[in-house]
Every structure is written in structure tokens, then in C-alpha cells.
Amino acid sequence: MTLKSLIKKSLREGLEKKIAAGVLIKAKSTDKVLLLLRNDKTPIWSLMSGCIEDGETILAGLKREITEELSISPEKISFKFIGVEKPNDKDEFHYYQGLTNSEFVPTLDHENLEYKWVDMDDIPEPLYKGLKEKIKKFYE
């Protein structure tokens with residue numbers, strides 16, 4: 001690929017709408033939620049999330065991300081759609097709550113450094129913006 005075509009591709013991708021989805025998973029048996037420490041330049045605690053690929057439904061993409069990042073079957077989780085957040089004009093984040101019967105031990109891929117099952121009194125920092133409010137609502 002030439003430099004010119006790479007620049008055009010980058011500009012085109014920069015203009016495309018990005019659709020991502022995430023799920024905050026809670027274990028019924030312990031009433032704790034699963035948080036992941038993202039392997040970013042500045043690691044931050046977050047919920048399970050990922051980008052949806054072309055041709056995927058939102059939920060199918062989220063389930064694929066769960067399989068890839070946690071190495072668990074998404075069938076262990078019951079999903080409840082909460083809503084769509086639009087952080088800017090071109091991006092969407094589809095938010096779900098998920099329930100599983102009990103805590104599981106994920107096998108993390110390269111996108112996450114660590115995981116924790118936590119309750120309201122044990123929320124780690126730094127936490128992704130707005131996540132504390134999502135956790136609180138899940139306990140209401």
C-alpha cells in the first residue's frame with residue numbers, strides 16, 4: 001500500500017462511525033460485579049467492552065468480544081439492554097447489564113491486565129468515567 005492510500009484509508013476510518021458495546025456483569029451468588037484493568041497507555045478499570053465489526057449485530061459483537069477477551073462462553077450471562085450513549089457525533093456505546101449465576105475465572109487476553117469481582121465498598125481506582133454511576137444503578 002502506498003503512503004497516499006494509507007493516508008486516505010486513515011482519513012476515511014477517522015470519519016467512520018464507531019460502534020462499541022459493553023456489559024457490566026454481576027454474579028448473583030456473591031452480588032459482585034466484574035471489572036477489568038484495561039491494558040491501555042494509562043491502565044484504567046472498566047467493564048467488559050469492545051468494538052462491533054461490520055455486519056455484526058450489537059449483541060453478537062459483544063458476545064464475540066466476551067469470548068475473545070475473557071475466554072468464557074457468553075451463554076453464562078443473561079443480557080439486559082440499558083441504552084445507547086453517544087459521546088460525540090459519530091460514536092455510539094451500547095450498554096448492557098449482565099447477570100451470571102456465580103463468579104467465574106476469566107482467561108484474559110492482551111487487552112486486559114487484571115480482573116476483580118468487587119462490591120460497592122471495594123471499587124478500585126482509577127475507574128473509567130461514569131462507571132461508578134453504572135455500578136450504583138445496578139445495585140438499586
Side-chain angles (χ1 to χ4, degrees):
M1 202 177 255
T2 68
L3 180 58
K4 187 176 180 179
S5 61
L6 279 172
I7 292 169
K8 281 184 179 181
K9 182 178 184 239
S10 294
L11 289 172
R12 197 170 51 251
E13 288 175 355
L15 296 174
E16 289 178 13
K17 180 182 201 175
K18 281 197 298 188
I19 299 175
V23 59
L24 185 59
I25 303 167
K26 183 163 70 167
K28 293 180 199 176
S29 62
T30 60
D31 209 31
K32 292 184 178 185
V33 295
L34 176 68
L35 296 180
L36 302 169
L37 185 61
R38 300 293 301 178
N39 188 12
D40 295 337
K41 185 177 179 181
T42 303
I44 191 165
W45 289 97
S46 183
L47 49 71
M48 174 61 232
S49 63
C51 289
I52 307 304
E53 295 177 359
D54 288 340
E56 284 183 317
T57 65
I58 305 298
L59 191 53
L62 181 56
K63 288 179 177 182
R64 174 189 48 77
E65 288 285 344
I66 289 168
T67 302
E68 291 174 1
E69 291 187 27
L70 304 180
S71 295
I72 62 141
S73 170
E75 304 311 313
K76 291 182 172 194
I77 303 164
S78 62
F79 295 85
K80 177 183 175 187
F81 177 70
I82 301 301
V84 178
E85 300 169 0
K86 296 187 178 188
N88 55 51
D89 290 342
K90 63 180 184 169
D91 298 331
E92 290 181 1
F93 182 77
H94 296 250
Y95 172 57
Y96 291 80
Q97 289 177 342
L99 288 174
T100 189
N101 287 330
S102 58
E103 294 178 20
F104 52 81
V105 177
T107 301
L108 303 178
D109 74 352
H110 66 281
E111 293 186 47
N112 298 293
L113 300 170
E114 190 179 337
Y115 77 94
K116 282 186 181 185
W117 288 94
V118 302
D119 57 29
M120 282 301 299
D121 299 327
D122 190 31
I123 297 174
E125 293 288 337
L127 195 63
Y128 193 82
K129 181 181 175 186
L131 185 53
K132 193 167 199 167
E133 291 74 25
K134 286 178 172 59
I135 295 170
K136 284 180 184 178
K137 284 190 179 214
F138 206 170
Y139 281 100
E140 291 176 350

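Heavy atoms only: backbone and side chains are in, while hydrogens, waters and symmetry mates are out.
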Nearest 0.5 Å please: distance from the [atom1] atom of [X] over to the [atom2] atom of [Y].
| X | Y | atom1 | atom2 | answer |
| --- | --- | --- | --- | --- |
| Lys28 | Asn101 | NZ | CG | 5.0 Å |
| Lys134 | Glu85 | NZ | CD | 3.5 Å |
| Lys26 | Glu103 | NZ | CD | 12.5 Å |
| Ile66 | Glu68 | CD1 | CD | 11.0 Å |

From CA spacing to verdict: side chain to side chain contact (heavy atoms under 4.5 Å, CB included), Lys63, Glu75: CA-CA 8 Å; Lys63 288 179 177 182; Glu75 304 311 313; 4.2 Å; yes

Quick one: sort the Phe81 and His94 rings into parallel, tilted or perpendicular, breaks at 30° and 60°. tilted

Treating Ile, Leu, Val, Met, Phe, Trp and Tyr as nodes and any side-chain heavy-atom pair under 4.5 angstrom as an edge, say whether [X] and [Y] lie in one connected cluster.
| X | Y | answer |
| --- | --- | --- |
| Val23 | Phe104 | yes |
| Leu36 | Val118 | no |
| Leu34 | Leu59 | yes |
| Val33 | Tyr95 | yes |

How about Asp54: does its CG atom have over 12 heavy atoms from other parts shown lying under 6.0 Å from it? no

Give a yes or no on this: more than 12 heavy atoms of other residues, nucleotides or ligands lie within 6.0 Å of atom NZ of Lys137. no

Single hit among Ile58, Ile77, Leu24, Ile82 for side chain to side chain contact (heavy atoms under 4.5 Å, CB included) with Tyr96: Ile58

Do any N or O atoms from the side chain of [X] and from the backbone of [Y] form a donor-acceptor pair under 3.5 angstrom?
| X | Y | result |
| --- | --- | --- |
| Lys132 | Leu127 | no |
| Asp40 | Thr42 | no |
| Ser46 | Tyr128 | no |
| Trp117 | Asp31 | no |

Closest approach of [X] and [Y], non-hydrogen atoms and distance?
| X | Y | result |
| --- | --- | --- |
| Leu113 | Arg38 | CD1-O, 4.1 Å |
| Thr100 | Lys76 | OG1-O, 2.9 Å |
| Leu62 | Met48 | CD1-O, 4.4 Å |
| Arg64 | Ile52 | NH2-CA, 4.3 Å |
| Pro126 | Pro43 | CG-O, 3.6 Å |
| Pro106 | Ile72 | CA-CG2, 4.3 Å |

Sub-4.5 Å side-chain heavy-atom contact between [X] and [Y]:
| X | Y | answer |
| --- | --- | --- |
| Leu70 | Leu108 | yes |
| Leu131 | Trp45 | no |
| Thr67 | Pro74 | yes |
| Asp119 | Tyr139 | yes |
| Leu35 | Ile135 | yes |
| Asn39 | Glu111 | no |

Would you verify whether the NZ or CZ of Lys80 falls within 45 degrees of the ring axis of Phe138 while also being under 6.0 Å from that six-membered ring's centre? no

